[in-house]
Amino acid sequence: MHSGKVRDLYELPDGRLLMVASDRISAFDHILATPVPDKGEILTRMSLWWFDQLADLVPHHVVSTDVPEEVRGRAVVCERLDMFPVECVARGYLTGTGLLDYRASGEVCGIALPDGLEDGSRLPETLFTPAAKAAVGEHDENVTYDAVVGVVGADVAAELRRLTLEVYGRAEGIARDRGIILADTKLEFGARPDGTIVLADEVLTPDSSRFWSAQEWSPGRSQPSYDKQIVRDWLLSPESGWDKSSGEAPPPLPESVVERTRARYIEAYETLTGETF
């Protein structure tokens with residue numbers, strides 16, 4: 001039915017959906033030619049673990065992990081939902097596009113912030129900073145809360161904000177207990193036919209969240225993160241020979257970068273869940 005940057009979605013004969021996480025990796029809105037072995041399974045396992053931690057806060061879309069053998073471990077059967085066209089982002093720390101917005105206007109998604117904040121600063125309170133979903137290959141665009149109200153209505157917008165902040169609060173505490181800072185996270189929600197709002201897609205993985213080492217956290221610089229920053233850094237280095245502004249696809253990743261990235265994903269999974277991959 002749909003192929004995204006990482007996930008492929010299939011319709012099953014009974015009308016439910018099969019969501020398969022591939023080993024594809026993207027950077028700078030390009031899907032890279034080189035996969036990262038086991039990435040799809042790590043993301044799937046991590047999402048399932050988090051869905052369990054959050055089950056008392058919000059229902060999730062996973063129905064079963066009984067999937068075809070060729071995608072076992074990296075796929076789930078999930079219910080069909082009417083997805084909201086909003087990326088629900090919670091930010092506890094200032095970085096990324098939020099930092100760019102703040103530097104330009106002193107605001108993030110229309111929310112005014114105090115002066116003097118730096119890259120990596122902890123925010124006075126967690127912010128709900130939604131984004132409009134973009135097509136594959138394009139960048140999600142930060143929008144105001146009022147814009148979300150205009151799309152889904154005031155009641156649904158308020159509930160999406162409440163759920164996003166509750167999920168972030170629970171996850172931030174769990175991560176902090178394990179020595180990891182959850183700087184921000186992106187969630188997706190859909191509605192059942194009866195209107196129940198359900199947490200969908202992936203949740204709290206290194207692809208959808210920024211995880212930092214609490215021990216290494218130091219505002220005023222880019223924080224070491226448990227994600228594909230290794231890939232981004234290599235692509236921007238002279239070694240890659242790639243010009244981000246050229247419009248051309250990035251080159252294949254060297255084996256050393258793939259291995260380091262895989263190791264970082266595994267480290268994030270094992271540190272957060274306490275399980276061995």
Walk me through whether Ser209 and Tyr226 qualify under side chain to side chain contact (heavy atoms under 4.5 Å, CB included).
CA-CA 9 Å; Ser209 312; Tyr226 291 91; over 6 Å; no

Might you work through the side chain to side chain contact (heavy atoms under 4.5 Å, CB included) test for Glu270 and Thr276, ending with a clear yes or no?
CA-CA 6 Å; Glu270 295 185 339; Thr276 302; 3.7 Å; yes

Check the pair Tyr102 / Leu94 against side chain to side chain contact (heavy atoms under 4.5 Å, CB included), numbers first and verdict last.
CA-CA 9 Å; Tyr102 171 76; Leu94 187 64; 3.6 Å; yes

Walk me through it: do Gln53 and Ile174 pass the test side chain to side chain contact (heavy atoms under 4.5 Å, CB included)?
CA-CA 9 Å; Gln53 311 306 308; Ile174 290 172; 4.0 Å; yes

Passes side chain to side chain donor-acceptor pair (under 3.5 Å), Asp66 versus Ser64? Steps please.
CA-CA 5 Å; Asp66 183 13; Ser64 170; 5.0 Å; no

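Placement of Trp49 and Val63 in two distinct hydrophobic clusters is found when ILVMFWY residues are connected by side-chain heavy-atom separations under 4.5 Å, directly or transitively. Leu43 and Val76 end up in the same hydrophobic cluster when Ile, Leu, Val, Met, Phe, Trp and Tyr side chains are linked at under 4.5 Å. In the hydrophobic clustering of this structure, Ile266 groups with Trp50; members are Ile, Leu, Val, Met, Phe, Trp, Tyr whose side-chain heavy atoms approach within less than 4.5 Å, directly or through other members. Residues Val151 and Val149 do not share a hydrophobic cluster, defined by chaining ILVMFWY side chains whose heavy atoms lie under 4.5 Å apart. Residues Phe84 and Leu54 share a hydrophobic cluster, clusters being chains of Ile/Leu/Val/Met/Phe/Trp/Tyr side chains in contact below 4.5 Å.
For His60 (side chain) and Val62 (main-chain N/O), a donor-acceptor pair under 3.5 Å exists by modelled atom type. Checking side-chain atoms of Ser240 against main-chain N and O of Ser237 turns up a donor-acceptor pair under 3.5 Å. Counting only distance, with no hydrogens or angles, the side chain of Thr271 and the backbone of Ala268 share no donor-acceptor pair below 3.5 Å. Without hydrogens or angle criteria, Arg74 side chain to Ala21 main chain gives a donor-acceptor distance under 3.5 Å. Checking side-chain atoms of Gln223 against main-chain N and O of Ser218 turns up a donor-acceptor pair under 3.5 Å. Panel note: side chain Arg16, backbone Arg80; no donor-acceptor pair is recorded below 3.5 Å. Using modelled atom types, one side-chain atom of Arg178 and one backbone atom of Leu272 make a donor-acceptor pair closer than 3.5 Å. The backbone N or O of Ala158 sits less than 3.5 Å from a side-chain atom of Tyr145, completing a donor-acceptor pair. At least one donor-acceptor pair closer than 3.5 Å links the side chain of Ser105 to the backbone N or O of Glu107.
Between the OG1 atom of Thr65 and the CZ atom of Arg45 there is a distance of 11.5 Å, given to the nearest 0.5 Å. Residue Glu259 holds its CD atom at 12.0 Å from CG of Leu253, rounded to the nearest 0.5 Å. From Glu216, atom CD reaches atom CD1 of Ile181 across 10.0 Å, with rounding to the nearest 0.5 Å. The distance from the SG atom of Cys88 to the CG atom of Leu160 is 4.5 Å, given to the nearest 0.5 Å. Put simply, CD on Glu166 and CZ on Arg162 are 4.5 Å apart, with the number rounded to the nearest 0.5 Å.
In terms of heavy atoms, Val231 sits closest to Ala27 at CG1-CB, 4.2 Å. Closest of all the heavy-atom pairs between Ile25 and Thr34 is CG2-O, 3.6 Å. Of all non-hydrogen atoms in Val58 and Ile197, the two that sit nearest each other are CG2-O, 3.9 Å. When all heavy atoms of Asp23 and Gly40 are compared, the closest pair comes out as OD1-N, 2.8 Å. Of all heavy-atom pairs between Ala90 and Thr164, the closest is CB-CG2, 3.8 Å.
You'll find the side chain of Ile180 stays beyond 4.5 Å of the side chain of Trp212, heavy atoms only. His2 is not listed as a side-chain neighbour of Tyr10, based on a closest heavy-atom distance of 4.5 Å or more. For the pair Pro206 and Met46, the minimum side-chain heavy-atom distance is below 4.5 Å. Counting heavy atoms from C-beta on, the side chains of Leu182 and Thr185 come closer than 4.5 Å. By the 4.5 Å heavy-atom criterion applied to side chains, Lys244 and Leu236 are counted as neighbours. At least one side-chain heavy atom of Asp38 sits under 4.5 Å from a side-chain heavy atom of Arg262. Between Met19 and Asp201, some side-chain heavy-atom pair lies under the 4.5 Å cut-off. Between Ile230 and Arg264, the closest side-chain pair of non-hydrogen atoms falls below 4.5 Å.
Residues Asp82 and Arg192 are not paired through a salt bridge, judged by the lack of any N-O separation under 4.0 Å between the basic side chain and the carboxylate. The residues Asp56 and Arg170 are annotated as salt-bridged, a charged nitrogen and a carboxylate oxygen being separated by less than 4.0 angstrom. Checked for salt-bridge contact, Arg24 and Asp8 meet the test: a charged N lies under 4.0 Å from a carboxylate O. Between Glu202 and Arg7, at least one side-chain N (NZ, or NE/NH1/NH2) sits under 4.0 Å from a carboxylate O, which counts as a salt bridge.
When hydrophobic residues (I, L, V, M, F, W, Y) are linked wherever their side-chain heavy atoms come within less than 4.5 Å, the members clustered with Met83 are Leu81, Val198.
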Could you list the donor-acceptor pairs under 3.5 angstrom formed by side chains in residues 122-132, with sequence neighbours left out?
from: Thr129; atom 1: OG1; to: Arg91; atom 2: NE; distance (Å): 2.9

Taking distance alone, no hydrogens or angles, what donor-acceptor pairs closer than 3.5 Å link side-chain atoms of residues 108-121 to residues at least two apart or in another chain?
from: Asp119; atom 1: OD1; to: Thr95; atom 2: OG1; distance (Å): 2.9
from: Ser121; atom 1: OG; to: Glu118; atom 2: N; distance (Å): 2.8
from: Ser121; atom 1: OG; to: Glu118; atom 2: O; distance (Å): 3.2

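Between the side chains of Lys39 and Thr261, no donor N or O sits under 3.5 Å from an acceptor N or O. Side-chain atoms of Tyr269 and Glu275 form a donor-acceptor pair, as typed in the model, at a separation below 3.5 Å. The closest side-chain donor-acceptor pair between Thr144 and Asp146, if any, does not fall under 3.5 angstrom. Side-chain contact check for Asp194 and Thr196: at least one donor-acceptor pair (N or O, by modelled atom type) lies under 3.5 Å. Thr205 and Asp207 form no side-chain donor-acceptor contact under 3.5 Å, judged by distance and modelled atom types alone.
Geometrically, Arg210 does not engage Tyr93 in a cation-pi contact defined by less than 6.0 Å to the ring centre and at most 45° from the axis.
For Phe51 and His61, the gap between ring centers is short of 6.0 Å.
Using cut-offs of 30° and 60° for the angle between ring planes, the Phe28 and Trp242 rings count as tilted.
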